[in-house]
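What follows is one structure encoded as structure tokens, with my remarks underneath.
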Amino acid sequence: MRTDVAIDKLCNIAPVLSELSEKLAHDTEFKAFMSEKGDRTNRNFLFNVVPHLLKNYREEAFNILAVWNNTTVEAIKEQSFGKTIAEIKAIFEDEDFRSFFSSSSASDSVVVE
């Protein structure tokens, strides 16, 4: 991804992630998962955390997906579930997304490996 595109996306996503991060800081179920030692793979994250996020923080997730995919929240809501899961997986596998958050993360931040 070109730098100008990545920066625009990350800047537009950052406020949503900031708000979501604040909510997750008080979410005991999320904190329990993140404090577990062991399997912290994308697959484990996808099957354990993503359902929790989609259940409890759906609007935030839709906003992130909409910005990342240059579309609207309404389009995300109307697309197939398979496409939504593929987009979530793509975000977590995106090197730009991961490097941004791993390089700017504090010790209590989420870093998906």
Side-chain angles (χ1 to χ4, degrees):
M1 183 181 307
R2 292 186 350 228
T3 298
D4 61 336
V5 173
I7 288 172
D8 287 344
K9 287 181 187 239
L10 292 171
C11 288
N12 290 330
I13 289 172
V16 178
L17 289 174
S18 176
E19 181 180 322
L20 180 58
S21 177
E22 182 65 31
K23 291 176 182 179
L24 291 172
H26 304 289
D27 183 328
T28 55
E29 189 176 339
F30 178 79
K31 290 189 326 185
F33 173 79
M34 296 310 295
S35 67
E36 288 177 7
K37 303 292 183 207
D39 187 15
R40 297 284 296 272
T41 63
N42 282 344
R43 183 176 192 278
N44 189 27
F45 190 84
L46 187 65
F47 288 121
N48 289 290
V49 175
V50 170
H52 179 75
L53 294 175
L54 290 176
K55 179 180 178 187
N56 298 294
Y57 307 101
R58 189 169 298 176
E59 286 304 312
E60 292 88 344
F62 288 166
N63 275 296
I64 292 166
L65 287 170
V67 169
W68 195 260
N69 292 297
N70 299 317
T71 190
T72 64
V73 170
E74 292 74 25
I76 296 296
K77 289 178 179 181
E78 293 176 6
Q79 72 188 15
S80 73
F81 183 66
K83 183 174 182 180
T84 301
I85 294 301
E87 290 174 349
I88 291 169
K89 184 178 177 190
I91 288 174
F92 287 122
E93 291 176 348
D94 186 274
E95 289 300 319
D96 296 318
F97 185 83
R98 291 173 60 164
S99 68
F100 176 79
F101 291 101
S102 62
S103 66
S104 64
S105 66
S107 62
D108 61 346
S109 299
V110 175
V111 179
V112 180
E113 296 175 351

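When reading the values below, keep in mind they use all heavy atoms of this one structure, side chains included, and skip hydrogens, waters and symmetry mates.
The minimum heavy-atom distance linking K9 with N70 is given by the pair NZ-ND2, 3.5 Å.
Distance CD/E87 to CD1/I76: 4.5 Å, rounded to 0.5 Å. Once rounded to the nearest 0.5 Å, the distance linking CD of E29 with CG of N56 reads 7.0 Å. If you take CG on L24 and CD on E19, they are separated by 10.5 Å, rounding to the nearest 0.5 Å. Here the OG1 atom belonging to T3 is positioned 10.5 Å from the CG atom belonging to D8, to the nearest 0.5 angstrom. The distance from the OG atom of S80 to the CD1 atom of I85 is 10.0 Å, given to the nearest 0.5 Å. A distance of 6.5 Å separates CG in L54 from CZ in F62, rounded to the nearest 0.5 Å.
Looking at N69, its side chain does come within 3.5 Å of a backbone N or O of L65 through a donor-acceptor pair.
By the 30° and 60° cut-offs, the orientation of the rings of H52 relative to Y57 is perpendicular.
Two residues are said to be in side-chain contact when any heavy atoms from C-beta on lie closer than 4.5 Å; E59 and V73 meet this criterion.
The only option from I64, L20, N63 that meets the side chain to side chain contact (heavy atoms under 4.5 Å, CB included) definition with I13 turns out to be I64.
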